Amino acid sequence: MITRETSVVIVGGGPAGYEAALVAAQLGAHVTVVEKDGLGGAAVLTDCVPSKALIATADHMSDIGVAERLGVRLHDRAGGPVSGAIASPHTVNGRILALAAAQSADIQVGLERAGVTFLKGVAHVVDGHCVRATTADGQAHDLRADVMLIATGASPRVMPSAVPDGERILTWQQIYDLDELPERMIVIGSGVTGAELAQAFLGLGSEVVLVSSRDRVLPGEDADAATVIEDVFRKRGMEVLGRSRAAGVERTDTGVLVTLVDGRTVEGTHALLAVGSVPNTSGLGLEEVGVELSESGHVQVDRVSRTSVTGIYAAGDCTGVLPLASVAAMQGRIAMWHALGDAVAPLNVTGVAANIFTEPEIATVGLGQIAADESPEVESIMLPLARNPRAKMQGITDGFVKLFCRRDFGTVLGGVVVAPKASELIFPVALAVQHRLSVDQVASTITVYPSLSGSIAEAARQLHQSE
């Protein structure tokens with residue numbers, strides 16, 4: 001039985017850390033969270049929450065263009081035409097940072113109500129049962145730990161030939177300090193972060209050049225979805241340089257100069273590095289106490305978040321399992337459920353829904369196209385959203401719904417939705433995957449007419465398995 005004498009120390013206050021803390025406190029343990037920046041971690045303070053808020057602002061600006069296609073014209077108070085919206089970076093970023101700070105404060109209040117102790121400081125693992133937390137005033141606190149959770153997250157990867165200066169050469173954590181909208185932003189990297197922020201700055205009014213080392217943007221995503229996004233990027237005026245790897249970035253008198261591996265150069269006012277992330281595991285003392293790390297520096301864990309050292313668990317981006325806040329939070333909960341003897345099921349990422357916040361968004365869950373193509377037992381259907389009546393009403397011309405099911409049985413195995421707010425539309429597909437529903441069960445559920453979700457039911461109907 002867990003008592004308040006059972007001590008849990010959590011290193012890192014992001015989604016993995018604070019969700020784990022809530023579970024541990026609920027189960028009766030004495031819980032201390034050590035976080036150097038603030039509760040919520042990078043996800044709340046400098047990454048997920050701020051970036052999605054920035055993207056939401058850009059989306060509202062693009063809504064004005066859609067409204068014009070639907071016959072709406074903007075006029076000022078004197079009745080004159082308004083040519084378009086203008087973003088104020090100082091105001092936009094001020095709102096975003098205030099929103100992040102408020103979210104962090106809410107998390108702290110929630111932890112305090114649960115009885116969790118919060119120490120703002122830097123942590124070092126002394127041994128398998130002790131964490132030393134050094135606070136800003138230089139005070140060292142040795143914390144006894146019956147159970148330890150490492151949830152330190154990850155940081156932007158930087159190139160030795162492109163050192164961020166926070167002014168012209170930026171990581172995604174530094175863009176919220178800009179007082180002026182970049183005139184010409186060169187985004188290096190076309191993965192999820194690069195694509196999302198390229199879209200955001202384009203929507204805000206910057207000229208954007210996206211440097212992609214691969215054949216297409218979002219190389220790790222569904223090829224049909226990525227093609228839609230790249231086409232949208234180009235239609236809206238973004239310059240996409242495919243098969244173009246950046247060799248370095250340097251400051252110039254007027255901005256930046258990006259040199260590509262093939263010798264070409266690209267000039268801009270700012271450069272944004274979006275070339276991946278590295279786990280925050282260096283200097284924690286993990287290897288010294290026997291915690292196994294991968295070559296990339298990620299903590300090696302099993303499906304209940306155990307490391308190679310008994311009593312030490314790890315969760316979130318520092319483990320490299322899936323770089324999603326939702327997965328990090330679940331890893332943290334699972335770690336505490338397991339460590340403190342509660343009922344627990346190992347992590348299952350099959351039914352995890354993920355979303356890319358471009359415009360339109362890309363939401364995915366379960367089996368993907370590559371796996372489907374390799375299996376004769378999988379059947380699929382793709383319906384363009386342009387045929388959907390609600391999409392016509394809303395001026396939506398790009399996007400689709402795609403479903404995968406098992407042939408003969410009709411079990412829903414996965415899906416892709418490319419649409420505005422696809423993150424909301426993917427939920428019924430995720431339910432179907434998680435609970436192994438058949439396409440006939442999905443199809444027999446009555447949807448609102450007209451609605452975008454009607455295309456999900458229609459796709460299921462077209463996959464009907466006749467006897």
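Predicted model only: the values in this text are computed from it and were never measured.
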> Determine, for E458 against R387, whether the closest basic-nitrogen to carboxylate-oxygen distance falls under 4.0 angstrom.
no
> Just by distance, with hydrogens left out, do N348 and T350 show a side-chain donor and acceptor under 3.5 Å apart?
yes
> Under the 3.5 angstrom rule, does the side chain of R216 hit a backbone N or O of A226 as a donor-acceptor pair?
no
> I'd like to know if the side chain of R168 reaches the main chain of G255, judged simply by a donor and an acceptor atom lying under 3.5 Å from each other, with no hydrogens or angles considered.
no
> First locate atom CD1 of I229, then atom CG of D222, and finally report the distance between them rounded to the nearest 0.5 Å.
10.5 Å
> Would you say N355 and I426 make side-chain contact, with heavy atoms under 4.5 Å?
no
> Quick one: closest heavy-atom pair of I107 and L39, and the distance?
CG2-CB, 4.0 Å
> Could you verify whether a donor N or O on one side chain and an acceptor N or O on the other, from S423 and E361, lie under 3.5 Å apart?
yes
> Distance check, rounded to the nearest 0.5 Å: L385 atom CG versus R390 atom CZ?
12.0 Å
> What pair of heavy atoms forms the shortest contact from L452 to A391, and how long is it?
CD2-N, 3.7 Å
> Shortest non-hydrogen contact from L324 to A354?
CD1-CB, 4.0 Å
> Could you point out which residue of S453, S455, S451 forms a side-chain hydrogen bond (donor to acceptor under 3.5 Å, both in side chains) with N388?
S455
> Give the intermediate values and the outcome of side chain to side chain contact (heavy atoms under 4.5 Å, CB included) for residues C48 and F357.
CA-CA 10 Å; C48 188; F357 291 84; over 6 Å; no
> With side chain to side chain contact (heavy atoms under 4.5 Å, CB included) as the criterion, how do L260 and V258 come out once you've worked through the C-alpha distance, each side chain's angles and the decisive distance to 0.1 Å?
CA-CA 6 Å; L260 305 181; V258 177; 4.2 Å; yes
> Between V321, D317, V304, L149, which is the residue that forms a side chain to side chain contact (heavy atoms under 4.5 Å, CB included) with Q331?
V321
> If we only count heavy atoms from C-beta on, is the Y313 to H338 side-chain gap below 4.5 Å?
yes
> Is there a side chain to side chain contact (heavy atoms under 4.5 Å, CB included) between S104 and L45 once you walk through the steps?
CA-CA 7 Å; S104 178; L45 298 172; 3.9 Å; yes
> Taking V217's backbone N and O only, do any of them form a donor-acceptor pair with E230's side chain (distance below 3.5 Å, no angle check)?
yes
> How long is the span from the CD1 atom in I175 to the CG atom in N93, to the nearest 0.5 Å?
7.5 Å
> So do the side chains of V401 and L425 get within less than 4.5 Å of each other, counting heavy atoms only?
no
> Can you list every pair that meets side-chain hydrogen bond (donor to acceptor under 3.5 Å, both in side chains) and has a residue in residues 51-60, with sequence neighbours left out?
K52-E196
> Please check if the side chain of D47 supplies one atom and the backbone of A42 the other of a donor-acceptor pair under 3.5 Å.
no
> Once you round to the nearest 0.5 Å, how far does CD1 of I356 lie from CD1 of I362?
4.5 Å
> Looking at Q26, I'd like to know if its CD atom is crowded, meaning that more than 12 non-hydrogen atoms belonging to other residues, nucleotides or ligands lie closer than 6.0 Å.
no
> Could you tell me if the side chain of V299 sits less than 4.5 Å from the side chain of L293, heavy atoms only?
yes
> Does the side chain to side chain contact (heavy atoms under 4.5 Å, CB included) test come out yes or no for Y18 and I10, once each step is laid out?
CA-CA 8 Å; Y18 70 73; I10 297 171; over 6 Å; no
> Is the backbone N or O of G242 less than 3.5 Å from a side-chain atom of S244, with the two atoms forming a donor-acceptor pair by type?
yes
> Do the side chains of L197 and M185 get nearer than 4.5 Å, heavy atoms only?
no
> Does CD belonging to Q300 count more than 12 external heavy atoms closer than 6.0 Å?
yes
> So, for P164 and V158, which heavy atoms are closest and what is the spacing to 0.1 Å?
CG-CG1, 3.6 Å
> Quick one: salt bridge (Lys or Arg N to Asp or Glu O under 4.0 Å) pairs with a partner in residues 318-344, sequence neighbours left out?
E19-R333
> Please name the pair of heavy atoms, one in E359 and one in P420, separated by the smallest distance, quoted to 0.1 Å.
OE2-CG, 4.0 Å
> Would you find a donor on one side and an acceptor on the other, under 3.5 Å apart, between the side chain of R184 and the backbone of T269?
no
> Can a donor-acceptor pair be found, under 3.5 Å and without considering hydrogens, that links the side chain of T307 to the backbone of I312?
yes
> With a sphere of 6.0 Å drawn around CZ of R236, does it hold more than 12 non-hydrogen atoms of other residues, nucleotides or ligands?
yes
> Can you tell if the side chain of F201 reaches within under 4.5 Å of the side chain of V187, non-hydrogen atoms only?
no
> Under a 4.5 Å cut-off applied to non-hydrogen side-chain atoms, are L54 and L204 in contact?
yes
> More than 12 foreign heavy atoms under 6.0 Å from CZ of R407: is that the case here?
yes
> For a quick check under 3.5 Å, do E267 and T252 share a side-chain donor-acceptor pair by atom type?
no
> May I ask you to check whether over 12 heavy atoms, not counting those of L70, lie within 6.0 Å of atom CG?
yes
> Work out which heavy atom in P219 is nearest to a heavy atom in S190; give both atom names and the distance.
CD-O, 3.8 Å
> M336 versus V147: any side-chain heavy-atom pair under 4.5 Å?
yes
> Could you tell me whether the side chain of T259 and the main chain of G248 form a donor-acceptor pair under 3.5 Å?
no
> Give, for atom CZ of R243 and atom OG of S212, the distance between the pair rounded to the nearest 0.5 Å.
10.5 Å
> Taking atom CZ of F233 and atom CG of L210, what is their separation to the nearest 0.5 Å?
6.5 Å
> Hey, does the side chain of S444 reach the backbone of D440 with a donor-acceptor pair shorter than 3.5 angstrom?
yes
> Would the distance check show the side chain of S206 and the main-chain N or O of P182 forming a donor-acceptor pair, the cut-off being under 3.5 Å?
yes
